[in-house]
Amino acid sequence: NMVARNPYVWMAIGFCTAILLAAVYWPPLAEPLHLVAPSRTDWVVILGLSLAPLIPIQLGMMITAAFRSHPS
């Protein structure tokens with residue numbers, strides 16, 4: 001997949017992650033925004049829902065690959 005090989009995509013993901021973490025864990029940002037740090041349970045939900053779109057994407061890619069390898 002070309003998107004996964006693009007270094008700018010990974011830099012953007014890293015930059016956005018850093019901004020989000022700073023907003024929660026850096027007091028000069030967190031206090032005026034009235035944010036609190038997520039609990040462990042919250043992080044499990046956050047990570048699970050962040051990764052959830054990968055399931056239908058991967059399934060779609062597998063189905064597409066299967067149809068391409070078996071022409072009718």
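Computation of the quantities below employed the complete heavy-atom set of this structure, encompassing side-chain atoms and omitting hydrogens, waters and symmetry-equivalent molecules.
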For Val24 and Ala37, the nearest pair of non-hydrogen atoms, with its separation, is CG1-CA, 3.5 Å

Looking only at heavy atoms, the pair that brings Pro27 and Pro32 closest together is O-CD, 3.9 Å

Rounded to the nearest 0.5 angstrom, the CD1-CZ distance for Ile19 and Phe15 is 3.5 Å

Minimal heavy-atom distance between Ser50 and Ile46, with the atoms involved, is OG-O, 2.7 Å

Check your understanding: Is the CE atom of Met62 crowded by more than 12 outside heavy atoms at less than 6.0 Å?
Key -> no

Here the gap from Trp10 atom CH2 to Thr17 atom OG1, rounded to the nearest 0.5 Å, amounts to 10.0 Å

The reported gap from CG in Leu35 to CG in Leu20 (rounded to nearest 0.5 angstrom) is 10.0 Å

Between Leu33 and Ala23 the two heavy atoms that sit nearest each other are CD1-CB, 4.3 Å

Taken to the nearest 0.5 Å, the spacing of Leu54 CG from Met61 CE works out to 10.0 Å

